[in-house]
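What follows is a short report on a single structure.
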Amino acid sequence: MKSVPPALVWLWFALVLALVALICVLVVRMLRTHQRRAVLLALGNGLAVLILGFVVSLLIELPAIDRFLNEFLNWNIFSKTWEYVIKGLVVTIELAVVSEVFILVLGLIIALIRISRIKAFRFFAAVYIDVIRGMPLILQIVVIYFGLGYLGLNLSRFMAGVLALTVCYAAYEAEIFRAGIESIHKGQMEAARSLGMGYFKAMRYVVLPQAVRNVIPPLSNEFIALLKDTALVAIIGLAEVFFRGKEMMGRYANVTPLVWAAICYLIITIPLMRLVQYMTTRLSLKD
Amino acid sequence: MNNDCMVEIVDLRKRFGHHEVLKGINLKVKPSEVLVIVGPSGSGKSTMLRCVNGLEHASGGHIYVEGIDVTDHKADINTIRQKVGIVFQSFNLFPHLTTLRNVTLAPLKVRKSNSGEAEEKAMRLLDRVGLKDKAHAYPAHLSGGQQQRVAIARALAMDPDLMLFDEVTSALDPELVSEVLDVMKDLAREGMTMMVVTHEMGFAKEVGDRLIFMDDGVIVEEGPPEDIFTNPRSPRAVDFFSKILSHL
């Protein structure tokens, strides 16, 4: 009989604990009929994890699990690197927020050009949107950073990142703005124009206020995507979370810093996702 | 071009693709006249009305509003539209603004009135349509009849010389129709020039100075409403009025 290493005991213990907690929560929730579907789903998930854990433990040798834990969840390495990695979060958030400001402005402008009555304008905007959306963002980041360097425009890594993210995400958000504008019944534009308002006044005071309200949830989702995509700017050497995680991974030859980097992103993104869902429900309730 | 006319329409034509909706309309509307336009759906009534304030572009012919040609591309359509109010079947109130803000928006943003004056005037207009107490409510909280009365107040806020009504009671529950018609009757009595597309024959008879019957893109009959109701000449008008007036 193999001796059971303490790590494995802890793993099982945590698993059983989680399951018990899950069942407790579920029993409480069972009381509400309309949540029964969700309860069954969660129960199924818990069961699947349990079975999977059991099967995996049968298939893998115990020393392998120990090696895994040592490589991915090493407390010693974590305590040395966590502070350095999480400091990158400041850069990540700055990059996302600064970019988002430019993205909203540029995205709206492109959307308005995209729906302009002048065919050449519409064509220009459509080409921009297609070309940008048809290319990997990581490639755009590299091209902008090094390309502008050759042209004598030496942007900092941060500003090059802002520029690349803006150019790319504006194309996506332009399409969201356009959908939002087109979702407003054309009677609104007609009513405003009939009162003697010009096209831009009608847009500014009647159509856009309604359209923007409709696109807040999708735009927020784009912001979350943007926050994660800032990691791509690591390719030009900007020391944000992912870059620092990778740096520490290299220094200590251990994956733990990268796992911590992943958690750093989750600290920001999960509350944001909850917030978007809350806003979406609130907005739809108002209708 | 006759300057005594509020509106003069000369050989107005309108095509949507290959389909010709208006096939040469000639029409004059005098100041303070109430012109009622009736006809089966698809006859081009609404299209004609929408051409008058430039919401539809004429494919041919001319429309003069107070002597200015609406169909002329060089004409300042925004200035003309301030003189021509329109009320739609579907209300088209601005849902993100309160009733009061719906009424004051155009005066504030187009005419650059100061907000105190604009609000005072809006309150007067809302009072006139019987909705002063709903000034701070949002359109979603008003009934259809109330929304339509706000829409009329909104159009009046620009001091139009001409009002267009495009089947304004067709989307309303039957018990709400009269409150809107009453506002329109008041307007007519005060001397507003009105072009009214409607299926309300009682209203046409009571308020209309003149009635035109349209079918298939042309004006088939024209005259005092009473005469046309009791004595339509064309077979199409006979058929139409026999169906529509049988309920009265």
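Every chain is numbered from 1 and lettered A, B, ... according to where its sequence line falls, protein lines coming before strand lines.
- No more than 12 heavy atoms of other residues, nucleotides or ligands lie within 6.0 Å of NZ in B:K30, so this atom counts as exposed by the packing criterion.
- Under a 3.5 Å cut-off, the side chain of B:H96 and the backbone N or O of A:R213 do not form any donor-acceptor pair.
- Taking each heavy atom of A:S194 and B:L55 in turn, the nearest pair found is OG-CD1, 3.6 Å.
- In this structure, chain A has no heavy atom under 4.5 Å from any part of B:V87.
- Taking the side chain as every heavy atom from C-beta outward, B:R154 and A:L195 approach each other to under 4.5 Å.
- Heavy atoms only, all atoms of each residue included: B:V110 and A:G196 are closest at CG1-O, 3.7 Å.
- Residue A:F158 qualifies as enclosed at atom CZ: its count of foreign heavy atoms under 6.0 Å is above 12.
- For A:A202, no part sits under 4.5 Å from any heavy atom of chain B, backbone or side chain.
- Near-neighbour residues of residues 163-179 of chain A relative to chain B, defined by a heavy atom under 4.5 Å from a heavy atom of that chain, are none.
- Annotation: maximal heavy-atom pairing with chain A below 4.5 Å, among B:L97, B:I80, B:I86, B:L105, occurs at B:L105.
- Between A:R193 and B:N78 the shortest side-chain heavy-atom distance falls below 4.5 Å.
- Contact of B:F88 with chain A is made through the side chain alone, with heavy-atom distances under 4.5 Å.
- Annotation for B:F16: atom CZ counts as buried by contact number, over 12 foreign heavy atoms lying within 6.0 Å.
- Contacts of B:R50 with chain A are made by side-chain atoms alone, with heavy-atom separations under 4.5 Å and no backbone atom involved.
- Highest contact tally toward chain A, considering only B:G54, B:A151, B:S90, B:P95, is held by B:P95 [criterion: heavy-atom pairs under 4.5 Å].
- Side-chain N or O atoms of B:K109 include none that pairs as donor or acceptor with a backbone N or O of A:K201 at under 3.5 Å.
- With hydrogens and angles disregarded, no donor-acceptor distance shorter than 3.5 Å links the side chain of B:N92 to the backbone of A:Q188.
- Heavy-atom neighbours of chain B within the stretch residues 118-144 of chain A, taken at a separation under 4.5 angstrom, are nonexistent.
- Only the backbone of B:L93 comes within contact range of chain A, with heavy atoms under 4.5 Å apart.
- In this structure, CD on B:Q82 lies 10.5 Å from CE on A:M197, to the nearest 0.5 angstrom.
- Under a cut-off of 6.0 angstrom, the local environment of CD in B:E120 is sparse, with at most 12 non-hydrogen atoms contributed by other residues, nucleotides or ligands.
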